[in-house]
2 protein chains.
Amino acid sequence: MPDPSGPNSVPSANALITKLERFATFSEVEREAIGDLDASSEWIAPGKSIITAGDSPEAVLPLLEGLAYRHKDFRDGRRQILSLLLPGDICGGSGELSGPADYGVRSLSRARIARIESAHFIAIVRAHPAIALALIKSALVEQAIQRAWIVNLGQRHAHERIAHLLCEVAHRMNDCGLVLSHGGFELPLTQHELGSALGLTSVHTNRVLQQLRAEQLIEFQGGVVHIHDAPRLQALADFDPAYLS
Amino acid sequence: MPDPSGPNSVPSANALITKLERFATFSEVEREAIGDLDASSEWIAPGKSIITAGDSPEAVLPLLEGLAYRHKDFRDGRRQILSLLLPGDICGGSGELSGPADYGVRSLSRARIARIESAHFIAIVRAHPAIALALIKSALVEQAIQRAWIVNLGQRHAHERIAHLLCEVAHRMNDCGLVLSHGGFELPLTQHELGSALGLTSVHTNRVLQQLRAEQLIEFQGGVVHIHDAPRLQALADFDPAYLS
DNA sequence: CGGTTGATTGAGGCTGCTCAAAAGGTGTGG
DNA sequence: CCACACCTTTTGAGCAGCCTCAATCAACCG
């Protein structure tokens with residue numbers, strides 16, 4: 001049944017469905033239940049706030065296109081980036097599902113965000129066990145990623161931290177089909193932001209990036225990452241991609 | 001309908017049900033679906049391995065009584081404690097739900113662990129949307145706790161880290177009814193293990209604990225924690241308990 | 001009482017931080 | 001097309017929080 005491309009016939013596959021289908025097989029009924037998120041979606045410019053700490057959007061906000069990150073800011077200026085969000089990831093939510101956000105979310109690039117009202121989201125989960133299971137599995141993978149960050153911040157040295165984060169992102173970008181033809185990928189973080197994800201200052205991040213560049217391991221410029229020697233980078237980071245799936 | 005205390009009539013309330021009921025209201029049907037975990041449970045001595053990294057237990061292992069922790073070990077001896085597990089928490093699982101464990105789990109005290117076969121667990125989730133939702137909410141809280149650890153490790157100084165972790169544990173212990181009559185609680189970690197949770201060496205952990213003790217903030221000895229000045233400790237840690245529920 | 005584990009103390013060193021400034025890039029307005 | 005502002009990257013110098021190595025002390029246990 002090729003090309004049912006009449007307008008409004010079949011909702012276009014969106015990043016959320018694509019991601020959840022990594023964890024479960026959905027029937028057409030379930031795909032329709034998640035529905036046409038394009039309809040509710042909105043484009044956001046780079047660097048804009050999607051969720052502010054303390055917000056209660058009363059909805060679930062999946063990221064359909066573009067990149068974003070969660071972050072926690074201190075009053076005194078310290079800032080920690082908590083996670084990088086790729087298409088299919090859920091930026092956050094609240095309402096019946098959870099309390100007000102304990103973090104903010106910002107777009108890294110032009111990004112498209114959908115909006116599923118909390119009550120509707122819960123109704124979907126109640127009605128479709130396959131979706132509930134996929135969400136649980138997806139949450140478990142997200143926990144594994146967070147554990148990897150805990151290990152990174154708690155035990156690894158600066159160059160190991162950078163290496164590990166870039167290995168993780170490279171894999172996740174690949175899963176999202178976001179690796180460019182020449183093998184690099186777009187990651188429009190400043191060195192200051194990269195440092196905030198790694199628990200390092202921008203000064204130190206800069207110096208270590210220069211070392212890694214000098215060793216022909218990676219390149220990080222203009223918001224594009226090139227990994228020149230993946231095996232050596234993975235060895236340096238002690239990276240094992242098993243946790244990402 | 002008081003006291004149906006005939007043998008094998010109503011499964012005794014267990015810590016897993018108690019925890020999930022913080023997130024949803026269960027009917028008797030749902031409580032029975034989770035079932036009598038006592039039957040499948042086993043006591044484990046302190047300091048024993050419950051899950052070994054790389055394991056695939058093909059089951060979900062809820063902690064019913066006692067304390068445990070997840071940890072990741074490096075070949076070179078570095079170790080990071082990833083989370084503290086209290087009664088009601090799920091130590092881990094694998095099988096259809098997730099890949100092999102990327103972490104190990106050890107008991108901190110005498111502990112009772114239940115075992116729910118993966119296939120059975122998935123059947124329960126499929127059949128009971130209320131349980132699925134409670135699991136999702138529970139996973140979201142666990143993610144929030146992990147984010148707090150990321151912030152701790154990435155941005156806070158040693159004394160702030162210790163303060164924040166103890167605030168978190170005090171709250172969670174209280175939720176589990178594990179705060180002792182005199183206000184303290186049992187946390188049988190060595191200073192070395194506490195350091196492993198905080199990304200610090202045991203030597204530095206020791207010195208900072210002495211400072212906090214000297215400032216009349218806390219006491220940490222013989223596996224028992226006393227918080228002498230909770231408001232000041234929370235201020236030091238910039239602790240806000242909202243994320244724990 | 002020796003052995004083991006954990007807490008404590010000391011001295012010295014390194015990773016990563018702070019403060020400060022300069023250099024390079026980019027967009028805007030005159 | 002230049003001047004200017006702004007942001008990011010880069011570099012330098014000095015400092016400090018935390019680490020490493022090592023030894024001692026205290027408690028518990030067979």
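Model, not experiment: these values are computed from the prediction. Each chain gets a letter, A, B and so on, in the order the sequences are listed, and its residues count up from 1.
- Residue B:H159 qualifies as enclosed at atom NE2: its count of foreign heavy atoms under 6.0 Å is above 12.
- The CD atom of B:Q221 sits 16 Å away from the C1' atom of D:dC28 (whole-angstrom rounding).
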Trace of the side chain to side chain contact (heavy atoms under 4.5 Å, CB included) decision for A:L86 with A:D175: CA-CA 10 Å; A:L86 274 58; A:D175 290 343; over 6 Å; no

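- More than 12 heavy atoms of other residues, nucleotides or ligands sit less than 6.0 Å from atom CD of B:E117.
- Summary of helix geometry: the two end axes of the helix from C:dC1-D:dG30 to C:dG30-D:dC1, each defined by five base pairs via their C1' atoms, are inclined to each other by 30° (rounded to 10°).
- If you take CZ of B:R78 and C1' of D:dC19, they are 13 Å apart, rounded to a whole angstrom.
- For the OP1/OP2 pair of C:dT8 and a distance below 4.0 Å, the side-chain nitrogens and oxygens of B:Q191 include at least one atom meeting the criterion.
- Phosphate proximity of D:dT10 to A:N206: present, with a side-chain N or O under 4.0 Å from OP1 or OP2.
- Side-chain N/O atoms of B:R79 and B:S196 include no donor and acceptor closer than 3.5 Å.
- Look at CD on B:Q155: it is 15 Å from C1' on D:dG17, rounded to the nearest Å.
- Where A:T205 and B:H192 each meet DNA chain C at their nearest nucleotide, the meeting point lying more 5' is that of B:H192.
- Of the residues in residues 208-218 of chain A, those with a non-hydrogen atom less than 4.0 angstrom from any atom of DNA chain D are A:Q210, A:R213.
- A:H159 places its NE2 atom 8 Å from the P atom of C:dG16, with the value rounded to the nearest Å.
- In this structure, the side chain of A:S118 engages the main chain of A:E58 through a donor-acceptor pair within 3.5 Å.
- For D:dC19, the OP1/OP2 oxygens have a side-chain nitrogen or oxygen of B:T201 closer than 4.0 Å.
- Distance A:L198 CG to C:dC17 P: 10 Å, rounded to the nearest Å.
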Audit row: B:E168, B:L244, side chain to side chain contact (heavy atoms under 4.5 Å, CB included) steps and yes/no: CA-CA 8 Å; B:E168 174 203 310; B:L244 288 174; 4.2 Å; yes

Please set out all donor-acceptor pairs under 3.5 angstrom arising from side-chain atoms of residues 229-238 of chain A, sequence neighbours excluded.
residue	atom	partner	partner atom	Å
A:D229	OD1	A:R232	N	3.2
A:D229	OD2	A:R232	NE	2.9
A:R232	NH2	A:E215	O	2.8

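- When each of D:dT9, D:dC18, D:dT11 is scored by its nearest atom to the side-chain atoms of A:T190, the top-ranked nucleotide is D:dT9.
- The interatomic distance linking B:E193 (CD) with C:dA7 (C1') rounds to 14 Å, in whole Å.
- Residue-level contact check: A:G223 touches neither bases nor backbone, having no heavy atom under 4.0 Å from any strand.
- Taking the six-membered ring for Trp and thresholds of 30 and 60 degrees, A:F239 and A:H164 have ring planes more than 60 degrees apart, a perpendicular arrangement.
- Distance CG (B:L189) to C1' (C:dA7): 15 Å, rounded to an integer number of Å.
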Residue pair B:Q146, A:W149: steps toward the side chain to side chain contact (heavy atoms under 4.5 Å, CB included) verdict: CA-CA 9 Å; B:Q146 289 184 338; A:W149 282 47; over 6 Å; no

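- The number of heavy-atom neighbours closer than 6.0 Å to NE2 of B:H226, taken from other residues, nucleotides and ligands shown, is above 12.
- Between the side chain of B:R207 and the base of D:dG17, no donor-acceptor pair of N or O atoms lies under 3.5 Å.
- Along DNA chain D, the nucleotide closest to A:H157 and the one closest to A:F220 are compared, and the more 5′ of them pairs with A:F220.
- Atom CG of A:L200 and atom P of C:dC14 are 20 Å apart (whole Å).
- Backbone-only engagement by A:G199 is indicated by non-hydrogen atom pairs under 4.0 Å involving sugar-phosphate atoms exclusively.
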